[in-house]
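The block underneath contains the structure these notes are about, expressed in structure tokens.
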Amino acid sequence: MKLLASCVCIVALLFTANTSAYYDELIDLRQKYKQAKHARDSGRIREFERLKEELREYPLYEYLVYQDGVRRLSLHSAEQAMSIRDQLKNSVLSEEFFQRWLNAQAKAGRWSTYTQHYTPSGDPIDQCKYVHALHRIGQTDKAMSLVPDLWNVGVSQPKECDPIFGTWISNGNVTFDIAWQRLQLAVQENSRVLARYLMRFFNQSDRSKAQLLYDVHVRPSLVRDKRRFADNEWGRVALAHGLREYAKDEGRKARELWAEYRMQYDFDSTETSQLDGDLAFWAAREGVLIRPVDPNFDAATIERIADTAMAQRDWELANEWLSVYPESERSNYKWRFWWGVVNLNLGNVDAIATLEELAELRTYYGFLAAHQLGLPIQLNGHTWDNPHDKRIEYMSDPRIARIFELYAVGDEASAKKEWKWLIPQLEQDAKAWVAHEIANIGWTYDAIQAAFSADALDLIDARFPMLYIDEFKRNAHMTNISLPILLAIARQESAFNARAISPVGARGLMQLMLATARRTASNLRASRPSSSSLLNPSINVYIGSHHLLELIEEFDSHVLAYAAYNAGSHRVDQWIKDASGMDIRVWIETIPFHETRNYVKNVISFAQVYGQILNIPVPVLAENETVIP
């Protein structure tokens with residue numbers, strides 16, 4: 001049988017003609033592709049070239065072109081490099097290849113070639129290479145004019161920037177104003193090492209100004225001594241920064257100090273307004289009710305103040321703040337939900353309509369609204385009317401076909417790079433289909449990410465898989481924790497990636513820290529787990545489920561247990577101090593850690609979705625868990 005005419009036909013026929021001949025031919029092509037890669041890696045170039053020619057119509061032919069191109073990277077002329085880039089134009093490999101070729105020119109010192117073909121980039125390493133190249137070919141003025149924007153940032157730049165920075169600095173370009181600007185950026189980013197480094201750029205007469213800003217950043221309590229802060233430009237900058245830092249731990253005291261200082265220092269109206277809002281945010285987080293209402297505060301500050309008012313059941317004040325929330329942002333789910341709840345508490349029955357609209361949505365606040373009104377929750381999943389026709393249509397696009405061939409030959413990393421590159425270029429239905437099909441062929445973790453990247457949030461099957469279901473069922477039975485809740489924890493923690501290891505060392509499906517797992521295992525009189533054994537789904541789900549049970553029993557609340565699973569019991573103990581009787585929904589809004597706040601909301605939401613999928617309903621909030629114990 002003659003080799004199929006094109007890569008489009010190869011992949012399209014895979015989905016339309018279910019005959020062994022077509023399947024065998026595709027398997028043969030995949031085997032040849034793997035042989036070609038191995039030949040290239042082993043230095044058998046003639047064999048590689050022969051196989052590459054035989055695979056010209058195969059969807060992964062471009063990957064062989066790329067491999068051939070990088071084999072002789074430094075030898076390509078600009079014309080040859082651009083020709084290869086053009087051959088790869090329908091793949092993520094196109095710009096990847098050209099960037100590698102450019103880097104080879106820089107490494108070889110071909111600075112003129114590098115500058116001629118450089119494409120502006122957001123990568124500081126590439127930017128610094130380009131500026132260095134300009135300097136090397138004699139375009140010194142242009143190079144020096146580009147350095148300030150690279151240097152004047154709040155974090156340390158990569159070491160590749162050091163040569164051009166060194167030249168710029170040695171030419172005396174670091175003025176007091178530039179060093180002062182960067183010092184402010186450094187303390188705002190909490191880059192203490194960078195801030196200390198910057199001190200060398202201040203002369204003796206100016207060093208005290210810079211030192212004060214650094215000192216108050218390290219020790220914010222210095223703001224209590226106003227004698228340190230002169231009423232001039234630099235003293236006011238240090239005082240304002242110090243007050244903001246001090247407020248993170250002492251919100252009430254910082255706001256009280258500001259009430260005194262604003263009358264004594266000549267802050268302009270813009271800085272005064274910004275400080276009013278920033279310090280009100282932190283004071284509200286400590287439980288201070290902020291009055292009077294200021295419509296000039298930003299949306300985040302208004303939300304935080306309204307949360308505090310709701311926590312203290314001051315519905316009138318909460319309504320006043322919610323009523324000055326920016327009109328342009330009132331479509332967000334949180335504002336809509338709490339505006340409805342607050343107004344219901346004030347007797348405004350018109351708010352029911354707002355909550356009814358929200359209850360139609362598959363979101364955390366939609367689920368809360370449905371619970372508030374006693375309505376069924378809605379999943380609103382996406383389906384295709386003619387899935388087979390859609391498959392034929394989308395797999396005829398060689399860029400999409402390539403993604404699935406990469407998965408077929410076991411190159412997940414390249415497949416992932418391809419769809420991350422391609423999805424933003426597709427129309428919405430095609431984006432969703434790619435994510436759906438990635439799930440359909442079993443790449444669960446990638447499918448979840450692809451659906452999010454595609455903004456295809458209605459792909460319920462792709463976004464909420466159920467792997468290792470027997471392990472979860474067994475442990476749901478043993479712990480009496482509802483199966484949807486255990487699945488929700490695993491979905492949030494690892495997206496069902498049993499080999500997941502977090503930057504801090506949490507492992508497996510339920511992302512267990514080794515110390516936590518060993519403590520729980522000891523309580524269960526089970527075998528002491530090792531780091532590697534926590535990547536075993538059976539062990540991980542068993543210990544993780546029982547750890548969650550320990551937390552539920554400790555706090556007598558599923559919601560508090562979710563928070564503790566993420567942030568630790570000791571933090572939750574601090575967060576619920578003096579909060580007994582508070583509406584649990586409001587308490588969630590006041591969780592200090594953004595990550596934990598979103599974590600709890602996600603677990604509650606995911607449990608609802610899994611409950612619907614499995615027909616095992618889970619209450620949004622259990623009747624005995626609506627307030628902090």
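Counting from 1, the numbers follow the sequence of the chain as shown.
Using a distance-only test at 3.5 Å, with no hydrogens or angles considered, a donor-acceptor pair links the side chain of Ser545 to the main chain of Val541. Under a 3.5 Å cut-off, the side chain of Asn475 and the backbone N or O of Glu471 do form a donor-acceptor pair. Between the side chain of Arg40 and the backbone N or O of Gln67 there is at least one donor-acceptor pair closer than 3.5 Å. One N or O on the side chain of Asn332 and one on the backbone of Glu329 form a donor-acceptor pair closer than 3.5 Å. The closest donor-acceptor contact from the side chain of Tyr118 to the backbone of Ser121 lies under 3.5 Å. The closest donor-acceptor contact from the side chain of Glu625 to the backbone of His558 lies under 3.5 Å. His76 places a side-chain N or O within 3.5 Å of a backbone atom of Gly69 that can act as its donor or acceptor partner. One N or O on the side chain of Ser605 and one on the backbone of Lys601 form a donor-acceptor pair closer than 3.5 Å. In terms of modelled atom types and a separation under 3.5 Å, the side chain of Ser533 and the main chain of Ser530 share a donor-acceptor contact. In terms of modelled atom types and a separation under 3.5 Å, the side chain of Asn380 and the main chain of Glu360 share a donor-acceptor contact.
Note that the CG atom of Leu560 and the CD1 atom of Ile588 stand 8.5 Å from one another [nearest 0.5 Å]. To the nearest 0.5 angstrom, Ile403 atom CD1 is 12.5 Å from Lys420 atom NZ. Leu51 CG to Tyr33 OH: the interatomic distance, rounded to the nearest 0.5 Å, is 12.5 Å. Put simply, CZ on Arg402 and CG on Asp397 are 9.0 Å apart, with the number rounded to the nearest 0.5 Å. To the nearest 0.5 Å, atoms CG (Leu64) and CD (Glu53) are separated by 11.0 Å. Rounded to the nearest 0.5 angstrom, Tyr61 OH and Leu29 CG are separated by 14.0 Å.
Under the 3.5 Å distance criterion, with hydrogens and angles disregarded, no donor-acceptor pair is assigned to the side chains of Asn90 and Glu62. Glu418 and Ser414 form no side-chain donor-acceptor contact under 3.5 Å, judged by distance and modelled atom types alone. Using modelled atom types, one finds no donor on one side chain facing an acceptor on the other under 3.5 Å when comparing His436 with Asn440. Between the side chains of Tyr58 and Glu405, at least one donor-acceptor pair of N or O atoms lies under 3.5 Å.
Arg491 and Ile448 make their closest contact through NH2-CG2, 3.3 Å (heavy atoms, listed as atom of the first residue, atom of the second, distance). Between Gln511 and Glu493 the shortest heavy-atom distance is CB-OE1, 3.1 Å. Ile423 and Ala454 get closest at one heavy-atom pair: CG2-CA, 3.8 Å. Residues Val409 and Lys34 share a closest heavy-atom pair of O-CE, 3.8 Å. The minimum heavy-atom distance between Tyr468 and Phe496, with the atom names listed, is CE1-O, 4.0 Å. Taking both residues in full, the closest heavy atoms of Ser531 and Leu514 are given as OG-CD2, 3.5 Å, listed atom of the first, atom of the second, then distance.
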(message) Let's go through Arg30 and Glu25 carefully: what are the C-alpha distance in whole Å and the side-chain angles of both, what is the deciding distance for salt bridge (Lys or Arg N to Asp or Glu O under 4.0 Å) to 0.1 Å, and is it a yes or a no?
(response) CA-CA 9 Å; Arg30 290 171 180 170; Glu25 185 168 2; over 6 Å; no
(message) Walk me through whether Glu49 and Arg71 qualify under salt bridge (Lys or Arg N to Asp or Glu O under 4.0 Å).
(response) CA-CA 12 Å; Glu49 293 287 358; Arg71 179 169 61 89; 3.5 Å; yes
(message) One pair to check against side-chain contact (heavy atoms from CB on, under 4.5 Å): Leu358 and Leu368. What are the steps and the verdict?
(response) CA-CA 9 Å; Leu358 201 54; Leu368 287 188; over 6 Å; no
(message) Pair Glu96, Arg100 - check salt bridge (Lys or Arg N to Asp or Glu O under 4.0 Å), show working.
(response) CA-CA 6 Å; Glu96 184 176 313; Arg100 288 186 65 175; 5.2 Å; no
(request) Walk me through it: do Arg597 and Glu589 pass the test salt bridge (Lys or Arg N to Asp or Glu O under 4.0 Å)? (result) CA-CA 7 Å; Arg597 193 160 61 247; Glu589 306 290 5; 5.2 Å; no
(request) Decide yes or no on side-chain contact (heavy atoms from CB on, under 4.5 Å) for Glu437 and Tyr407, but give the supporting numbers first. (result) CA-CA 11 Å; Glu437 192 62 23; Tyr407 279 120; over 6 Å; no
(message) Between Gln99 and Glu95, is the side-chain contact (heavy atoms from CB on, under 4.5 Å) condition met? List the steps.
(response) CA-CA 6 Å; Gln99 188 59 53; Glu95 292 309 314; over 6 Å; no
(message) For a side-chain contact (heavy atoms from CB on, under 4.5 Å) check, start with the C-alpha distance between Lys417 and Trp421, then their side-chain angles and the critical distance, and finish with the verdict.
(response) CA-CA 6 Å; Lys417 286 198 294 186; Trp421 168 80; over 6 Å; no
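Proximity of the aromatic rings of Tyr610 and Phe464 is defined here by a centroid distance below 6.0 angstrom, and this criterion is met. Checked against a 6.0 Å centroid threshold, the rings of Tyr130 and Tyr114 do not count as neighbours. The six-membered or imidazole ring of Phe367 lies away from that of His371, with a centre-to-centre distance of 6.0 Å or more.
Asp389 CG: more than 12 foreign heavy atoms inside a 6.0 Å radius. In the displayed structure, Arg330 atom CZ is contacted under 6.0 Å by more than 12 heavy atoms of other residues, nucleotides or ligands. Atom CG of Asp68 is surrounded by more than 12 heavy atoms from other residues, nucleotides or ligands within 6.0 Å. Atom CD of Glu427 has more than 12 heavy atoms from other residues, nucleotides or ligands within 6.0 Å.
Ionic pairing of Lys390 and Asp429 is present here: one or more N-O contacts between side-chain nitrogen and carboxylate oxygen are shorter than 4.0 angstrom.
Looking only at side-chain heavy atoms (C-beta outward), Leu548 and Thr479 stay at 4.5 Å or farther from each other. Side-chain atoms of Val341 and Gln372, non-hydrogen and from C-beta on, do get closer than 4.5 Å to each other. At least one side-chain heavy atom of Ile613 sits under 4.5 Å from a side-chain heavy atom of Met466. Proximity of Ile543 to Pro529: side-chain heavy atoms (C-beta onward) are separated by under 4.5 Å at one or more points. Annotation: side chain of Leu361 is not in contact with side chain of Gln378 (no heavy-atom distance under 4.5 Å). Asp126 places none of its side-chain heavy atoms less than 4.5 Å from the side chain of Glu160. Using a 4.5 Å heavy-atom cutoff, the side chains of Asn540 and Leu535 are not in contact. For the pair Ile489 and Leu509, the minimum side-chain heavy-atom distance is 4.5 Å or more.
Cation-pi check for Arg85 over Phe97 is not met; the charged atom does not lie both under 6.0 angstrom from the ring centroid and within 45 degrees of its normal.
With Lys129 as reference, Asn103 is the one residue of Thr115, Leu102, Asn103, Asp123 to meet the side-chain contact (heavy atoms from CB on, under 4.5 Å) rule.
By the 30° and 60° cut-offs, the orientation of the rings of Phe337 relative to Tyr365 is tilted. In this structure, Trp433 and Tyr394 have tilted ring planes: the angle between them lies in the 30° to 60° band.
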